[in-house]
Structures are given as structure tokens and as C-alpha cells.
Amino acid sequence: MIFDKHTSRETSELLLQINAIKLKPQEPFTWASGWKSPIYCDNRIILSHPKIRNYIAEQLAKQVEKIYGKPDVIAGVATGAIGIGTLVAHWLGLPFVYVRPEPKKHGRKNQIEGQLEANQNVVVIEDLISTGKSSLNAVKALKDEANANIKGMLAIFSYGFDVAKDNFEKDKVELYTLSDYETLINQAFENSHLFKKELLVLQDWRKNPADWNPNT
Ligand SMILES: O=P(O)(O)OC[C@H]1O[C@H](OP(=O)(O)OP(=O)(O)O)[C@H](O)[C@@H]1O
Ligand SMILES: O=C(O)c1cc(=O)[nH]c(=O)[nH]1
């Protein structure tokens, strides 16, 4: 669920301005889920733009405060949300931990890096939700390993797929995002970041992304 239309449009416009939105319909991207996609939203680029990363961190931090008050700890999903999650925690003056996809194979063999005590209230920050698998894997680690009390999750962007909605509902995790796919592609077309032909490809792909084939 997005917070509000204005923030969603503003966030999408900023992502478009910094070229975080990549289109390659002829040579699709492979996503973490294995899906092939004509679009890739690279939120990591936000970190290279000080004013924009401040805006994104501030929006996320303000929403954390508004919805959850002050949790004990902010957790970022590695690696995409380590940078932005740290900035959110900094903005709120809170401790930060990050969660690896799996335990490290050497050293202390941690999956959760940083200091987290049992039963602490945690808000999770993620950069992007496609299927939700990576984010919910981090939530599982926080619960199983640290007995964390997960208040909810905030992300910069979501594609809004039903599979993600179902996964979050099943795991009883509340999710809010700054922007979403519908706002992004409409904003991109209205502000001439997209040709009509590209908009049609993106709308067609969105109907059935798991089975999309660029050559049909
Ligand atoms: O909702 P999902 O289907 O799980 O996909 C979204 C995940 O994919 C990306 O991470 P990626 O695995 O590419 O790793 P990175 O964050 O280390 O770049 C992104 O940062 C999300 O964590
Ligand atoms: O699902 C993914 O792997 C994914 C999609 C996307 O648009 N951006 C990203 O960083 N990851």
C-alpha cells in the first residue's frame, strides 16, 4: 500500500530523473525470483544522489514515526536496503541492523549483523518488493534468530503483484511503500520518459510477468 499519491508521484519522478528505471524489452533482465522482465528499478542509484537519498530517507523515517512511533531498532534487508536503511535509522536516531539472505559462511557466521536483543520492536526497511520473498526471508530470520517483534515493513517501491500481497498476508507482515508500478509507468508516460510503444509493453508484461515472453 502506498502512503499517498503525492509522495508516490514525487518518488517515481525522482527515480526517473536519476535513471534508476532501466528498460530492456529486447534483452530482458533476470530478477531475484528468476522472472524475466523488460524493466529494472535500480534503487541503489539513489545513494549516489545526496539530495534524493535525503528525501527518500526522510519520507521513510517520517512514515515509520507516524505509523509505528519509535521502534527499538531499524533493520535493513541486504544488500539493497543497507544504505537507505542506515539513513532512516540515522534520521530517527535509532540503532540499525541488517539481515543477510543467509548466514555468512565464515567469521561469526551471522545472518543478522549488528546488535539486536530478544523481543525488541523492529521496523524493516527494504528497497524494492517484487515477489516479497527476499524481504520475508529477512523477517523470518529476525523472528527465528532474535525473537524480534516485527512491527511492519516499509519499502521504496513495489510492483504490487498479487503474489507479494499473498505472501505478506500469509506471514502477517504489514507493508507500506513510497511508490508503486502503476504510479511509475503513468508518471513516466505523462512526463515523456516513455514512448507509447514502451508503455504498452510494460502494461502487457505486468498482466502475467511470470510467463512473459518478449517475442510474442
Ligand atoms: O521481492 P523479491 O522477488 O524477493 O525481489 C526483490 C529483491 O531483489 C533485489 O535484491 P537482490 O536479490 O537483487 O539483491 P541485492 O539487494 O543484494 O542487490 C531487491 O533489493 C529486493 O531485495
Ligand atoms: O526482483 C528483482 O530482483 C528486482 C527487480 C527490480 O526492478 N529491481 C531490483 O533491484 N530487483
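Whatever order the structure lists ligands and atoms in, that order sets their numbers, starting from 1. Bear in mind the structure is a predicted one, so any value in this text is a computation, not a measurement.
- In this pair, Y68 and Y176 present their aromatic rings perpendicular. The plane angle is above 60°, beyond the 30 to 60° band.
- Clustering ILVMFWY residues whenever any of their side-chain heavy atoms sit less than 4.5 angstrom apart, transitively, puts I82 in the very cluster that holds L128.
- Applying the 6.0 Å contact sphere to NZ of K5 captures more than 12 heavy atoms from other residues, nucleotides or ligands.
- Within 4.0 Å of ligand 2, counting heavy atoms only, the contacting residues are W31, A32, Y40, C41, R44, L128, S130, Y159.
- Residue-environment remark: CD (Q17) exceeds the threshold of 12 foreign heavy atoms within 6.0 Å.
- Ring pair W31/W205 is perpendicular by interplanar angle, where above 60° counts as perpendicular and below 30° as parallel.
- The atoms of ligand 1 that sit less than 4.0 Å from any heavy atom of G132 are 1 (O), 2 (P), 3 (O).
- Shown are W35, F168, Y181; of these, the ring-ring contact (aromatic ring centres under 6.0 Å, His included) with F161 is made only by W35.
- Interface of A32 with ligand 1, defined as ligand atoms under 4.0 Å from a residue heavy atom, comprises 8 (O), 12 (O).
- For atom 22 (O) of ligand 1, the nearest non-hydrogen atom of the protein is E126 OE2, 2.9 Å.
- Some N or O of G80 is nearer than 3.5 Å to an N or O of ligand 1, by distance alone.
- The shortest contact between atom 11 (P) of ligand 1 and any protein heavy atom is with R44 NH2, 4.2 Å.
- The pair E13-R9 fails the salt-bridge criterion, with no side-chain N (NZ, NE, NH1 or NH2) lying under 4.0 Å from an Asp/Glu carboxylate O.
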